[in-house]
Number of protein chains: 2
Amino acid sequence: MDGLTINEAAQTTGWSARMLRYVEQAGLVSPERTGAGYRIYGPGELQRLATLKELLTRHDLSLSDIAFARRLEQDERLAADVQAWLAATPERPAEVAPGDWLSFEQLRHQRLLGIAP
Amino acid sequence: MDGLTINEAAQTTGWSARMLRYVEQAGLVSPERTGAGYRIYGPGELQRLATLKELLTRHDLSLSDIAFARRLEQDERLAADVQAWLAATPERPAEVAPGDWLSFEQLRHQRLLGIAP
DNA sequence: CCAACCTTGACACGGCAGTGATAAGGTTGG
DNA sequence: CCAACCTTATCACTGCCGTGTCAAGGTTGG
């Protein structure tokens with residue numbers, strides 16, 4: 001075989017084997033399988049896993065966020081409906097307690113990182 | 001005052017008063033306040049609340065999804081990074097167990113609705 | 001053949017989302 | 001003035017997210 005097994009890929013990418021299976025279940029990175037069912041991670045998957053990790057930490061996202069972003073790209077109706085709602089929402093972030101509306105999206109992550117109280 | 005109080009708005013829109021406060025905390029619909037701090041829902045807010053509910057149920061979304069969509073619209077760098085990753089992901093949905101990668105995003109909701117086992 | 005590795009499934013756990021209920025206290029309209 | 005309503009804060013509960021770990025069983029390379 002010309003790819004890495006799950007544990008090798010885990011050590012290479014910094015994810016845990018458990019998370020690699022989880023990421024696959026989320027439909028974000030699905031490696032090929034050998035005849036016996038072993039996952040085989042090729043250069044493409046390894047690359048995608050590395051950049052995915054970067055993406056998540058850099059922007060403080062969850063796997064669901066990425067899955068949702070894909071839905072937005074693939075479901076025109078969804079994208080249109082969401083944009084329509086957002087467009088009709090002149091939400092004045094200035095009137096909200098500064099940083100409150102945004103922190104809602106990131107609060108859990110910030111807590112996880114020990115940034116927020 | 002020329003708007004509805006929170007309980008009136010709740011009955012009008014179908015949300016519970018509790019959820020109206022929660023939606024506000026999520027930064028999605030923030031009504032004006034009277035001098036004493038009472039929330040006053042005007043026609044705009046009522047409209048937004050109604051369509052928001054439609055949006056969520058129609059497409060099976062969470063409040064976080066909408067918050068994330070707004071981040072995507074407002075943070076160019078984020079949008080670019082996400083799109084770059086998705087673009088570099090020729091994820092073959094055809095090879096995944098049919099409906100599996102998508103159901104991941106919607107599984108919880110379907111379970112909630114008693115659709116999935 | 002066998003140690004080392006893989007697979008799926010399940011239990012566990014802390015944390016957050018969504019939601020209701022309840023308490024303590026301020027506001028309002030008739 | 002007072003019943004009815006509002007506010008924030010808090011406790012509680014279900015269910016999912018992210019993760020680790022362990023069990024039972026199949027695969028592989030030397």
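What you see below is based on every heavy atom in this structure, not just the backbone, and it leaves out hydrogens, waters and symmetry mates. A note on names: the letters A, B, ... follow the listed sequences, proteins ahead of strands, and every chain is numbered from 1.
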Task: Paired nucleotide for D:dG30 [Watson-Crick or G-U wobble; both distances under 3.5 Å] - done: C:dC1
Task: Which nucleotide in C:dT8, C:dG20, D:dT19 has an atom nearest any side-chain atom of A:Tyr22 - done: D:dT19
- [ ] Check the distance between C:dT7's C1' and A:Leu20's CG and give it to me in whole angstrom.
- [x] 14 Å
Open item on the list: Please evaluate residues A:Leu49 and A:Lys53 with respect to the criterion side chain to side chain contact (heavy atoms under 4.5 Å, CB included), reporting the C-alpha separation (whole Å), side-chain torsions for both, the decisive distance (0.1 Å), and the verdict.
Closed with: CA-CA 6 Å; A:Leu49 284 171; A:Lys53 192 167 197 171; over 6 Å; no
- [ ] Report the distance from atom CD of B:Glu32 to atom P of D:dT7, rounded to the nearest whole Å.
- [x] 14 Å
Open item on the list: So, OP1 or OP2 of C:dT8: does either fall under 4.0 Å of a side-chain N or O from A:Arg39?
Closed with: yes
- [ ] Report the distance from atom CG of A:Leu63 to atom C1' of C:dC16, rounded to the nearest whole Å.
- [x] 15 Å
Open item on the list: Is there a side-chain contact between B:Arg18 and the phosphate of C:dG18, meaning an N or O under 4.0 Å from OP1 or OP2?
Closed with: no
Open item on the list: Any salt bridge linking A:Glu45 with A:Arg48? Criterion: basic side-chain nitrogen under 4.0 Å from a carboxylate oxygen.
Closed with: yes
- [ ] Using Watson-Crick or G-U wobble geometry with both distances below 3.5 Å, tell me the partner of D:dC13, or none.
- [x] C:dG18
- [ ] Report the distance from atom CD of B:Gln25 to atom P of D:dA9, rounded to the nearest whole Å.
- [x] 10 Å
Task: Nearest listed nucleotide, side chain of A:Met19, among C:dT7, D:dG18, C:dG18 - done: D:dG18
Task: Short side-chain N/O contact to D:dT8 OP1/OP2 from B:Arg33, under 4.0 Å - done: yes
Open item on the list: If you only use heavy atoms from C-beta on, which nucleotide in C:dC5, C:dT28, D:dT8 is closest to the side chain of B:Arg21?
Closed with: D:dT8
- [ ] Respond yes when some side-chain nitrogen or oxygen of B:Ser16 is under 4.0 Å from OP1 or OP2 of C:dG20, and no when none is.
- [x] yes
Task: Closest non-hydrogen atom pair, B:Ile40 against B:Pro31 - done: O-CB, 3.4 Å
TODO: Would you mind reading off the distance between A:Tyr38 atom OH and D:dG25 atom P, rounded to a whole angstrom?
DONE: 16 Å
Open item on the list: In whole Å, I'd like the distance from the CD atom of A:Glu8 to the C1' atom of C:dA4.
Closed with: 12 Å
TODO: Using whole Å, report how far CZ of B:Phe68 lies from P of C:dC16.
DONE: 19 Å
Open item on the list: Can you measure A:Lys53 atom NZ to D:dG18 atom P for me and round it to whole angstrom units?
Closed with: 14 Å
Open item on the list: So, taking the atom named CD in B:Gln25 and the one named OG in B:Ser30, what distance separates them when rounded to the nearest 0.5 Å?
Closed with: 10.5 Å
Open item on the list: Treating B:Asp65 as the side-chain partner and B:Ser62 as the backbone partner, does any N or O pair qualify as donor plus acceptor under 3.5 Å?
Closed with: yes
Open item on the list: Reading DNA chain D from 5' onward, which residue's closest nucleotide shows up sooner: A:Ala36 or A:Trp15?
Closed with: A:Trp15
